[in-house]
Amino acid sequence: MRKIFLLFICSAAILISCDSNTPDPRSIMMETMKAHGTDLASQGKLDFTFRGIDYSVKREGGNYNYERHLTIGEDAILDRLNNSGFYRYSNDAKINLPDSLSQRYSASLNSVIYFAQLPYSLDGDAINLKYIGQDSIKGKSYHEIEVTFNEEGGGEDHEDVFVYWINQQDHLIDYLAYSYCEEECGYRFRESVNRRNKNGVIIQDYNNYKSTKIDPELFNMDDLFEKDQLELLSKIELERASFKANK
């Protein structure tokens with residue numbers, strides 16, 4: 001009887017351990033997306049200016065249309081990325097681009113939109129979420145979640161790795177870090193600043209930092225931030241941001 005009782009206790013302990021209290025990262029991310037207003041963003045139009053260039057994002061019923069308006073010399077350039085592909089226009093005339101340039105312009109447009117509307121799309125099928133643990137930055141408590149991407153459906157930058165620090169109180173993203181490899185590889189840490197609510201959609205700017213270490217641990221970049229061991233590289237500012245829901 002004693003052996004049976006001990007076996008029961010051990011089995012119960014294993015079940016509790018397996019069930020554990022580890023939060024579900026997907027549930028947390030869904031709550032975060034809701035807090036940021038991504039459900040509204042999926043049916044409306046966002047406009048903003050970034051580094052002197054005008055951008056617009058329009059979504060409706062699963063369709064999307066990204067646009068970038070800039071001037072090159074005396075020509076008015078429109079870049080457009082939608083469900084059908086990427087297109088460039090000069091003074092309203094469509095330009096036939098080689099694939100290499102088309103992919104380059106498309107990637108740069110998509111990158112600006114991606115960061116401007118985080119955490120939009122982080123519930124996709126190609127997204128892998130991993131709960132790292134609870135953390136604290138400047139006295140506030142955070143969920144620390146790693147985001148990676150499948151090669152299939154993860155885009156050209158599917159090898160990038162992100163870490164998000166999600167505020168446990170309001171479910172908003174206060175900090176993020178990521179590694180990337182394009183023409184060169186590197187690490188970045190971003191601090192959310194100038195957060196504002198535009199008709200239910202959260203818009204925020206970032207202080208963009210880099211590490212003075214050649215190969216920092218991505219998960220520890222918040223510690224470097226608190227120790228003032230990161231170098232401010234740039235400011236990511238979305239000017240004249242506005243959002244309007246579809247009627």
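Computation of the quantities below employed the complete heavy-atom set of this structure, encompassing side-chain atoms and omitting hydrogens, waters and symmetry-equivalent molecules. Note that the structure is predicted; figures quoted are calculated from it, not measured. Quick note: residue numbers are just sequence positions, from 1.
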Of all the heavy-atom pairs spanning M221 and A177, show the shortest one and how long it is.
SD-CB, 4.3 Å

Among Ile, Leu, Val, Met, Phe, Trp and Tyr joined by side-chain contacts under 4.5 Å, find the other residues sharing a cluster with V193 and list them by chain and number.
none

Which heavy-atom pair separates L109 from D79 by the least distance, and what is that distance?
CD2-O, 4.1 Å

Taking atom CD of E217 as the centre, report whether more than 12 heavy atoms of other residues, nucleotides or ligands fall under 6.0 Å from it.
no

Side chain proximity check, D223 to F225, heavy atoms < 4.5 angstrom
no

Please determine whether side chain to side chain contact (heavy atoms under 4.5 Å, CB included) holds for the pair K210 and Y187, giving the CA-CA distance in whole Å, both sets of side-chain angles, and the decisive distance to 0.1 Å.
CA-CA 6 Å; K210 70 175 183 178; Y187 300 82; over 6 Å; no

Before giving the answer on side chain to side chain contact (heavy atoms under 4.5 Å, CB included), spell out for N207 and L232 the whole-Å C-alpha distance, their side-chain angles and the decisive distance to 0.1 Å.
CA-CA 7 Å; N207 288 331; L232 181 62; 3.9 Å; yes

Measure from the side-chain N and O atoms of S141 to the backbone N and O of Q168, and report whether any donor-acceptor pair falls under 3.5 Å.
no

A side-chain contact here means heavy atoms from C-beta on lying under 4.5 Å apart; do V57 and K45 qualify?
no

Has R59 got its NZ or CZ under 6.0 Å from the middle of the six-membered ring of Y120, at an angle within 45 degrees of the ring axis?
yes

Given side chains that start at C-beta, do those of P119 and T38 come closer than 4.5 Å, heavy atoms only?
yes

When clusters are formed by joining ILVMFWY residues with side-chain heavy atoms under 4.5 Å apart, either directly or through shared neighbours, do Y180 and L118 land in the same one?
yes

State the CD-CG distance between E239 and N194, to the nearest 0.5 angstrom.
10.0 Å

Any side-chain donor-acceptor pair under 3.5 Å between N63 and N82?
no

Closest approach of V201 and G37, non-hydrogen atoms and distance?
CG2-O, 3.7 Å

Just checking, any donor-acceptor pair under 3.5 angstrom between side chains of Y105 and R68?
no

Hydrophobic cluster membership, L40 vs F48, 4.5 Å side-chain cutoff:
yes

Side-chain donor-acceptor pair under 3.5 Å between N167 and K140, yes or no?
no

Taking the side chain as every heavy atom from C-beta outward, state whether L172 and I166 have any atom pair closer than 4.5 Å.
no

Just verifying a value: how many Å separate L97 CG and Q103 CD, rounded to the nearest 0.5 Å?
11.0 Å

Answer yes or no on whether R190 is positioned over the face of F115, meaning its NZ or CZ is under 6.0 Å from the six-membered ring centre and within 45° of the axis.
yes

Judged by atom type as modelled, is there a donor-acceptor pair below 3.5 Å linking the side chain of N197 to the main-chain atoms of G200?
yes

Under 3.5 Å, is there a donor-acceptor pair between the side chain of T32 and the main chain of H171?
yes

Kindly determine whether V161 and V147 satisfy side chain to side chain contact (heavy atoms under 4.5 Å, CB included), including the steps that lead there.
CA-CA 6 Å; V161 179; V147 175; over 6 Å; no

Is the distance between the ring centroids of F219 and W165 less than 6.0 Å?
no

For the residue pair S192 and D174, confirm or rule out a side-chain donor-acceptor distance under 3.5 Å.
no

L176-Y131 co-clustered via ILVMFWY side chain contacts under 4.5 Å
yes

Note: D160 and F162 closest approach over all heavy atoms is CB-CE1, 4.0 Å

Test item: N83 and Y64 side chains (from C-beta on) under 4.5 Å apart, heavy atoms:
yes

Minimum side-chain heavy-atom gap S234-I236 below 4.5 Å:
yes

Aromatic plane relationship, Y142 with Y175 - under 30° parallel, 30 to 60° tilted, over 60° perpendicular:
perpendicular

Give me the ring orientation class for Y89 and Y87: parallel if the planes are under 30° apart, tilted from 30 to 60°, perpendicular past 60°.
tilted

Within this structure, what is the OG-NE2 distance for the pair S56 and H69, rounded to the nearest 0.5 Å?
5.0 Å

Will you find, in the side chains of Q204 and Y206, an N or O donor that is under 3.5 Å from an N or O acceptor?
yes

Chi angles and distances behind the side chain to side chain contact (heavy atoms under 4.5 Å, CB included) call for D47, K58
CA-CA 9 Å; D47 293 288; K58 187 173 182 179; over 6 Å; no

Determine whether V112 and F243 fall in the same hydrophobic cluster, where Ile, Leu, Val, Met, Phe, Trp and Tyr are linked whenever their side-chain heavy atoms lie under 4.5 Å apart.
yes

Honestly curious: do I113 and I203 fall in one hydrophobic cluster under the side-chain, below-4.5 Å linking rule?
yes

Could you tell me which non-hydrogen atom of A41 sits nearest to which non-hydrogen atom of Q117, and how far apart they are?
CB-NE2, 3.7 Å

Gap between atom NE2 of H36 and atom CE of M29 - 0.5 Å precision
9.0 Å

Name all residues meeting the salt bridge (Lys or Arg N to Asp or Glu O under 4.0 Å) criterion together with K34; count only those two or more places apart in sequence or in a different chain, and write none if there are none.
none

From I77 CD1 over to I72 CD1, what is the distance, rounded to the nearest 0.5 angstrom?
4.5 Å

Roughly how far apart are I145 CD1 and L129 CG, rounded to 0.5 Å?
6.5 Å

So, Y209 versus E191: side-chain donor-acceptor pair below 3.5 Å or not?
yes

Is the shortest side-chain heavy-atom distance between Y164 and I173 below 4.5 Å?
yes

Least distance between heavy atoms, S121 atom then I127 atom:
O-CG1, 3.8 Å

For a quick check under 3.5 Å, do R80 and Y66 share a side-chain donor-acceptor pair by atom type?
no

Do the side chains of F189 and L224 get nearer than 4.5 Å, heavy atoms only?
no

